[in-house]
Amino acid sequence: MANVTMTVNGKSVSKPAEGRTLLVEFLRDGAGLTGTHVGCDTSQCGACVVHVDGKAVKSCTMLAAQADGAQVTTIEGLASGGELHPMQAAFREHHGLQCGFCTPGMIMAAVDMVNRLGAPLDEAAIRAELEGNICRCTGYHNIVKAIAAASETMAGMKTAAE
Amino acid sequence: MYETNYHRATSVDDAAAKLGAAEDAKVLSGGQTLLPTMKQRLAAPSDVIDVTHIADMKGITESGGGIRIGAATTHAEVAGSEIVKRMLPGLAALAGHIGDPHVRHMGTIGGSLANNDPAADYPSAALALGATIHTNARQISAEDFFTGMFETALDESEIVTAVEFPKASACAYAKYPNPASRYAMAGVFVARTDGGVRVAVTGAGQNGVFRHAGLEDALAQSFSADAVAGVTTDPDQLLADIHGSAEYRANLVTVMAKRAVAACA
Ligand SMILES: Cc1cc2nc3c(=O)[nH]c(=O)nc-3n(C[C@H](O)[C@H](O)[C@H](O)COP(=O)(O)OP(=O)(O)OC[C@H]3O[C@@H](n4cnc5c(N)ncnc54)[C@H](O)[C@@H]3O)c2cc1C
Ligand code: FES
Ligand code: FES
């Protein structure tokens with residue numbers, strides 16, 4: 001088995017992996033980061049979304065070997081110094097989750113959305129961008145509210161930093 | 001998924017050599033079709049050859065008045081490209097509505113064309129715009145490239161390296177996405193080209209993407225949504241499945257054609 005090496009949440013992780021090992025398996029079983037979920041077998045639900053080199057991808061539809069040498073961010077890598085990322089805080093504040101199974105993928109997709117499109121994000125844009133993330137609990141309304149609110153906070157932080 | 005051997009190719013020649021050397025190898029581009037198929041055990045290649053790190057197969061450039069898109073260029077890159085948005089806005093919009101953002105970050109134009117899913121979006125643009133598909137061995141016109149459902153003119157170990165689109169004075173795509181999968185139930189690409197108005201339909205045909213003579217003739221006479229409103233499509237040639245009957249798709253083709261023509265204006 002060849003070794004696969006990638007930077008996960010800023011730390012180098014190197015593990016032997018089969019050719020068929022999926023990135024999500026590498027993260028969960030290899031790196032012990034079980035925040036990234038698997039909700040389907042058909043590449044449709046988005047529970048497994050992580051960022052690879054800054055882009056949201058479905059980690060169930062990528063081989064670990066494809067991510068060899070890449071920078072990967074998972075849900076565990078968002079909070080810093082015990083403080084929730086604004087997107088995580090907004091999901092809590094606006095009740096953007098019920099069972100929480102879809103939440104890691106939702107949040108990673110939402111952060112990617114704001115990074116790409118900027119803020120503020122309107123409801124139609126958020127709903128269109130959530131095409132690849134399925135939630136069986138919430139009916140999406142509070143997820144959309146949380147993302148809209150977080151997009152404003154993130155824009156404010158960016159302005160403050162400039 | 002059955003075990004497979006992953007290889008990362010560094011050049012087109014390297015990819016061709018690796019494809020030839022293995023027992024039953026397949027090209028791996030974005031993996032957004034191949035990996036789900038392997039997970040279902042509907043495909044079990046002994047080896048997969050990753051072509052997405054080959055510089056020659058990536059990127060978007062203006063060439064000879066048209067656009068050259070490397071086969072390993074992602075849907076998101078096509079959708080966001082200033083060149084594509086300026087010269088072929090219908091193509092950029094099409095790419096921006098494939099699947100979802102995560103699929104668009106990985107999936108590539110070469111993979112989509114090589115796969116020739118009867119409900120895929122890109123084949124309609126390639127056919128309507130009269131694209132040329134470049135491989136490591138030859139150049140194939142879109143007309144000759146798509147040979148049937150999931151069938152192309154590609155040989156076993158031939159690699160699509162780029163796609164060249166000639167310019168069009170206007171073009172637009174309208175699709176009616178399946179509400180669950182987002183693949184096209186019917187998608188119509190309309191292009192006003194040097195060779196006249198060309199219309200290609202995806203999602204609906206029993207043999208995959210096809211040019212629609214009835215719509216082309218009507219638009220050649222009068223380029224307006226009204227001109228296509230009365231054009232019908234023979235349901236005998238169309239797909240029927242749990243998502244919709246052939247008659248339903250025939251109606252969708254007319255409606256999507258009207259929308260695409262309106263969007264060209
Ligand atoms: C949830 C979901 C939704 C989707 N929705 C849509 C949609 O709405 N519309 C749409 O059109 N598509 C859709 N797709 C498919 C997506 O666009 C794929 O990216 C595309 O069909 C295949 O491209 P790929 O780069 O991922 O190819 P891969 O999956 O890597 O390869 C597909 C096939 O093509 C071959 N191949 C790949 N590259 C080459 C090459 N350069 N030369 C020769 N052969 C090659 C492979 O060997 C394989 O057989 C969806 C996919 C998913 C998972
Ligand atoms: S687990 Fe990846 S899309 Fe469902
Ligand atoms: S909160 Fe349960 S699936 Fe989304």
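Here is the naming used below: chain letters follow the sequence lines, and residue numbers restart at 1 for every chain.
- Shown here is Arg86(B), whose CZ atom has more than 12 heavy atoms of other residues, nucleotides or ligands within 6.0 Å.
- Contacts between Val57(A) and chain B at a heavy-atom distance below 4.5 Å involve backbone atoms as well as side-chain atoms.
- Around NE2 of His85(A), the count of heavy atoms belonging to other residues, nucleotides or ligands within 6.0 Å exceeds 12.
- Closest approach of Cys60(A) and Lys39(B) over heavy atoms only: O-NZ, 2.8 Å.
- Ranking Val103(B), Val48(B), Leu28(B), Thr52(B) against chain A, the residue ahead of the rest is Leu28(B), based on heavy-atom pairs under 4.5 Å.
- With a 4.5 Å cut-off on non-hydrogen atoms, Met106(B) touches chain A through its side chain but not through its backbone.
- Contacts with chain B (heavy atom to heavy atom, under 4.5 Å) involve these residues of residues 61-82 of chain A, listed by number: Thr61(A), Met62(A), Leu63(A), Ala65(A), Gln66(A), Ala67(A), Asp68(A).
- Heavy-atom distances place no part of Leu130(A) under 4.5 Å from chain B, backbone and side chain included.
- Counting non-hydrogen atoms of neighbouring residues, nucleotides and ligands closer than 6.0 angstrom, the NZ atom of Lys18(B) exceeds 12 such neighbours.
- Atom OH of Tyr2(B) sits in a sparse spot, with 12 or fewer heavy atoms from other residues, nucleotides or ligands closer than 6.0 Å.
- Contact of Leu34(B) with chain A is not made at all, since no heavy-atom distance falls under 4.5 Å.
- Contacts with chain A were tallied for Gly31(B), Pro101(B), Pro36(B); Pro101(B) has the most, counting heavy-atom pairs under 4.5 Å.
- Residues from residues 32-45 of chain A that place a non-hydrogen atom less than 4.5 Å from a non-hydrogen atom of chain B comprise Asp41(A), Thr42(A), Ser43(A), Gln44(A), given in numerical order.
- A 6.0 Å sphere centred on CZ of Arg92(A) holds no more than 12 heavy atoms belonging to other residues, nucleotides or ligands.
- Using a 4.5 Å heavy-atom cutoff, the side chains of Thr74(B) and Lys55(A) are not in contact.
- When the shell of 6.0 Å around OH of Tyr6(B) is examined, it contains more than 12 heavy atoms from other residues, nucleotides or ligands.
- In summary, the side chains of Asn133(A) and His102(B) do present a donor paired with an acceptor at a separation below 3.5 Å, with no hydrogens or angles considered.
- Within the 4.5 angstrom heavy-atom criterion, no atom of Ala2(A) approaches chain B.
- Residue Glu3(B) qualifies as enclosed at atom CD: its count of foreign heavy atoms under 6.0 Å is above 12.
- One distance of note links CG of Asp53(A) with NE2 of His105(B); it measures 11.5 Å at 0.5 Å rounding.
- Residues satisfying the side-chain contact (heavy atoms from CB on, under 4.5 Å) test with Val261(B), not counting sequence neighbours, are Val190(B), Leu219(B), Phe223(B).
- Contact annotation for residues 12-20 of chain A against chain B (heavy-atom separation below 4.5 Å, listed by residue number): Glu18(A), Gly19(A), Arg20(A).
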